[in-house]
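Chain letters run A, B, ... following the sequence lines, proteins first, then strands; residues in each count from 1. Owing to the predicted nature of the structure, the values given are computational and were not obtained by experimental measurement.
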Amino acid sequence: MREVNGELKVSKIRNGTVIDHITAGMAPAVLKILGIEQGCTDTVIVAMNVRSQRLGFKDMVKVENRALEAETVKKIAIVAPQATVNIIKDFAVVQKIPVELPHELIGIVRCSNRNCVTNAEPIPSYLVVENREPLRLRCHYCETVIEGPHASVLLL
Amino acid sequence: MQGPKLDWRGKDIISIRELSREHIEDVLNHAHQIRPDPTLLQGRVMASLFFEPSTRTQLSFATAMQRLGGRVIGFSGIEGTSIVKGESLQDTVRTIEKYADIIVIRHPLEGSARLVADTVSIPVINAGDGANQHPTQTLMDLFTIKKFHNRLDGLKIGLVGDLKYGRTVHSLAIALTRFRKITLRLISPPNLRMPPSVLQELNGIVSYTETEHLDLSDLDVVYVTRIQKERFPDIEEYEKVKGTYVITPKVCEMLKPTAILLHPLPRVDEITPDVDTLPQAKYFDQVQNGVPVRMALLKLILLGA
């Protein structure tokens, strides 16, 4: 990371994934979704509260040697609905994956209701996205409503 | 004027959220007209799956089916079933659908009725899934209100007691969003207020006020609920609030002569027995209305008209 003309520049990665336009403050949640923890040997660059024309402030995560699965992108959409995911090869962007919250989340977020049938029977959770911003999910089975930030702590 | 005919055949009744004003009025009209007919559902079988005990709901569904000539199989409580051996709910109902034309289910887990409806190909009626939904109770509540007030629009309705855990008041409040010019007075202790998720559904449609005071004046309908011990994770919290809102003849002096007093029953001490003889006390009429409402639903779902 270096400063050029008063702006902070983050190093490029050769191969991997760049998740940009993460809602400010949500980079740790994205790292958790990516499963990045102690013992990870690949280079991970995290920038938080960086100025952004689109968002005012944003976070950014760069991970070397990592491609994201569709389920992981859905999870990122829950904590950072405006994020963009770029796949990098030889320092160039080769693919942009849109981060879009699907209408239904199956097996991605646990229902917060302890007495919900999905927390007792051998079936996946099933939440319907009623509103994107602010995020409001409703359990297809027990009709419990899960609001915004609460959803990120219920990720499976 | 009669609208287009609704398609009821094979419809699941899981949540009041899925019923439009037209659906609700159609059921109530059929319930008003229906009479016992031992030939109507002859040869049809209703599986009555009560995973937890119930007096009124179970018996009124069985009565409704039998008054239309149908038969009832099933159980009340899970003793003696394969469920105690660890069978999943889905496997249990996959077996039962081979024996019956319709399932009526009560289960302690929220969302269980929806899971069953998604699993089987025969229609399913939710007779109560934990603290979530009990749509046929709401239909009989609306039937009772309409019977005495001859309308469901323009009413002032008070919901009293446990508005946090009581599923009947949640369902009734949501059903009332289908009607015009409803005013709700939500009367409860502060820790048993209507959940924000339900209030959000009322916003902009039903005008409501929240209060701790047992003010029943001006109301057309007073709907009292039991503060249910089994819904409290902490017994001390229950002890603090039980008996807070007790309806006595003295309290009823503030009621309009035309007001009706409803309760989903069973009551414990929230309406004293000496209120029963007052002209406004209609909770036993309400419970009686469970049979025609359920007869109408069984006929509509199994025959389509």
Next on the checklist: Checking side-chain polar atoms at under 3.5 Å, does B:E110 have a donor or acceptor matched by the opposite partner on A:T144?
Outcome noted: no
Distance, nearest 0.5 Å, that separates [atom1] of [X] from [atom2] of [Y]:
{"X": "B:D129", "Y": "A:E143", "atom1": "CG", "atom2": "CD", "answer": "7.5 Å"}
{"X": "B:R114", "Y": "A:C139", "atom1": "CZ", "atom2": "SG", "answer": "10.0 Å"}
{"X": "B:S197", "Y": "A:E147", "atom1": "OG", "atom2": "CD", "answer": "8.0 Å"}
{"X": "A:I123", "Y": "B:D118", "atom1": "CD1", "atom2": "CG", "answer": "8.5 Å"}

Checklist entry - What part of B:Q200 lies closer than 4.5 angstrom to a heavy atom of chain A: side chain, backbone, both or neither? => result side chain
Next on the checklist: Just checking A:R54: does its CZ atom have more than 12 heavy atoms from other residues, nucleotides or ligands closer to it than 6.0 angstrom?
Outcome noted: yes
Checklist entry - Are any of the side-chain nitrogens in B:E201 or A:R138 under 4.0 Å away from the carboxylate oxygens of its partner? => result yes
Next on the checklist: Restricting to non-hydrogen atoms, name the atom on B:L109 and the atom on A:A120 that form the minimum distance, rounded to 0.1 Å.
Outcome noted: CD1-CB, 3.5 Å
Item to check | Heavy-atom closest pair, residues B:L89 and A:E121 | outcome: N-OE1, 2.9 Å
